[in-house]
Amino acid sequence: MVFDKNFATKRIGFIGAGKMAKAMIQGFLKSGVVANQIIASTRTVESKVRVEKEFGIAATTCNNEVASLSDVIFICVKPTNVQNACDDIVAGLTYQELQTKIVISAAAGVPRVLVSDWLQNLPTTFTMMPNLPVSVNEGAIALYGSKIKQHFLTEVTQLLSKLGKVYQVESEVELAYMVGIAGSAPAYYYAMVEAIEQAAKHYALTNVNVSEVVRQTTRGTLTLLAEQAFDASYLKDMVASSGGTTREALNVIEEQHIGDSLHDAMEAAVLKTMKQLSYHLSQSNKPKVATEPC
Ligand SMILES: NC(=O)c1ccc[n+]([C@@H]2O[C@H](COP(=O)([O-])OP(=O)(O)OC[C@H]3O[C@@H](n4cnc5c(N)ncnc54)[C@H](OP(=O)(O)O)[C@@H]3O)[C@@H](O)[C@H]2O)c1
């Protein structure tokens with residue numbers, strides 16, 4: 001795929017093309033963004049070839065190339081690689097060129113203030129917390145920017161709205177909360193569905209695929225929650241009549257404190273993010289290693 005350098009609308013670049021970047025690329029393509037508007041970089045040639053084949057977009061192993069060819073650059077590498085990604089962006093651009101870019105880091109626990117610092121205090125630096133449903137345009141995406149001019153904020157919000165709902169948060173700490181509430185949260189639901197699927201396997205049905213029944217029940221249950229103005233507690237009571245079978249099941253859930261487990265899971269994700277924030281801030285005074293353009 002030839003990356004269209006003269007595309008009329010914004011060109012989107014990804015540094016890192018793992019699980020999150022791929023989910024976002026899928027979402028953008030589904031939303032109508034065309035493939036030659038997107039470029040992604042990977043660490044290895046194998047991943048580059050895979051990404052090109054899978055999405056029909058341009059890919060490279062050179063982060064400088066993504067930086068110079070894109071208007072909006074998403075940093076989608078592991079938190080420990082964000083500084084390198086920023087160094088690569090800076091190395092491939094003049095100071096003036098850098099000022100024309102919008103950079104959005106998706107890395108959990110890497111503070112915006114540091115990312116901006118690594119990008120020579122680029123004023124259009126954002127941090128975000130997406131979640132996996134961005135791939136089906138149903139993401140819950142937290143966005144954090146500080147002292148960002150309104151038109152940049154509007155532009156970035158509009159772009160991310162292609163992937164789901166965008167929630168502007170007011171601080172790094174709120175962004176960390178969003179890791180627990182949204183970023184990590186799809187995994188809690190999948191863990192529950194996985195457990196329900198396992199349990200359902202004890203009840204083999206002659207002509208019916210039990211996993212399919214679990215999935216359809218999950219789909220219907222979440223669609224009902226999404227489409228009706230009732231809260232989860234009300235809907236729970238709609239299923240559980242007093243003295244009935246569901247009440248019996250809910251008694252077990254309550255006795256075994258599954259709500260407490262979910263609370264603790266969310267807290268663990270938030271705490272880990274907070275620890276990462278403090279770690280990165282404590283490392284911020286370490287000397288920098290110079291990066292050469294590739
Ligand atoms: N997964 C989620 O649901 C989720 C949710 C919210 C936020 N995030 C954030 O998104 C970021 C990425 O997570 P992930 O789950 O997508 O991780 P991942 O699947 O491990 O992907 C990491 C990607 O980074 C690439 N990479 C590593 N070093 C690089 C470098 N120096 N230059 C360019 N690319 C490099 C890897 O390339 P190779 O494939 O060639 O090794 C790989 O494509 C993390 O910071 C995470 O906190 C993830």
Side-chain angles (χ1 to χ4, degrees), residues 18-27 30 50 54 76 78-79 106-109 129-142 163-165 167 175-276:
K19 294 181 280 297
M20 181 39 67
K22 283 186 193 169
M24 291 176 66
I25 292 166
Q26 233 172 320
K30 274 195 184 136
R50 237 189 336 260
E54 192 173 346
C76 288
K78 293 281 185 208
M129 184 40 53
N131 64 9
L132 206 61
V134 290
S135 64
V136 289
N137 313 94
E138 288 288 354
I141 305 154
L163 303 178
K165 288 218 165 110
Y167 304 94
L175 194 66
Y177 293 164
M178 286 296 275
V179 177
I181 301 168
S184 300
Y188 320 152
Y189 294 92
Y190 297 137
M192 281 190 282
V193 174
E194 190 183 21
I196 293 169
E197 266 178 358
Q198 284 300 329
K201 280 186 186 153
H202 293 293
Y203 307 105
L205 302 172
T206 316
N207 292 319
V208 178
N209 180 327
V210 170
S211 294
E212 155 64 25
V213 178
V214 172
R215 270 156 201 252
Q216 176 56 24
T217 305
T218 307
R219 190 179 298 121
T221 303
L222 294 181
T223 305
L224 190 59
L225 183 67
E227 289 185 359
Q228 304 228 336
F230 303 125
D231 60 25
S233 167
Y234 176 83
L235 289 169
K236 195 174 72 175
D237 288 343
M238 298 251 293
V239 192
S241 43
S242 155
T245 51
T246 310
R247 189 62 254 169
E248 207 66 27
L250 287 177
N251 286 345
V252 175
I253 286 180
E254 284 155 20
E255 274 161 25
Q256 297 191 3
H257 306 290
I258 290 174
D260 289 350
S261 300
L262 290 169
H263 171 275
D264 292 353
M266 195 176 284
E267 194 162 273
V270 172
L271 272 177
K272 167 103 181 166
T273 311
M274 296 288 220
K275 277 189 193 154
Q276 282 176 337

Interatomic spacing from [atom1] in [X] to [atom2] in [Y] - rounded to 0.5 Å:
| X | Y | atom1 | atom2 | result |
| --- | --- | --- | --- | --- |
| Glu267 | Leu262 | CD | CG | 12.5 Å |
| Ile258 | Glu255 | CD1 | CD | 10.5 Å |
| Thr218 | Tyr190 | OG1 | OH | 10.5 Å |
| Lys78 | Met20 | NZ | CE | 10.5 Å |
| Leu271 | Met266 | CG | CE | 12.5 Å |
| Leu163 | Ile141 | CG | CD1 | 5.0 Å |

Is [X] reaching over with its side chain to a backbone N or O of [Y], donor-acceptor style, under 3.5 angstrom?
| X | Y | value |
| --- | --- | --- |
| Lys30 | Ser135 | yes |
| Asn137 | Gly164 | no |
| Asn131 | Gly139 | no |
| Tyr188 | Ile181 | no |
| Ser184 | Gly180 | no |

For Lys275, does the NZ atom sit with more than 12 other heavy atoms under 6.0 Å from it, leaving out its own atoms? no

Check this for me: Glu138, atom CD, are more than 12 non-hydrogen atoms of other residues, nucleotides or ligands nearer than 6.0 Å? no

Salt bridge check: are Glu254 and Arg247 linked by an N-O gap of less than 4.0 Å? yes

Does Glu197 come within less than 4.0 Å of Arg215, counting only side-chain N to carboxylate O? yes

Considering all heavy atoms of both residues, which atom of [X] and which atom of [Y] are nearest to each other, and what is their separation?
| X | Y | answer |
| --- | --- | --- |
| Thr246 | Val239 | OG1-O, 3.4 Å |
| Leu132 | Pro186 | N-CG, 4.3 Å |
| Ala269 | Val179 | O-CG1, 4.4 Å |
| Lys236 | Leu250 | CG-CD1, 3.8 Å |
| Pro79 | Ala108 | CG-O, 3.4 Å |
| Thr217 | Val213 | OG1-O, 2.7 Å |

Go through the steps to decide whether Thr223 and Arg219 satisfy the test side chain to side chain contact (heavy atoms under 4.5 Å, CB included), and finish with yes or no. CA-CA 6 Å; Thr223 305; Arg219 190 179 298 121; 4.3 Å; yes

Apply side chain to side chain contact (heavy atoms under 4.5 Å, CB included) to residues Met274 and Tyr177 and explain how you reach the verdict. CA-CA 9 Å; Met274 296 288 220; Tyr177 293 164; 3.9 Å; yes

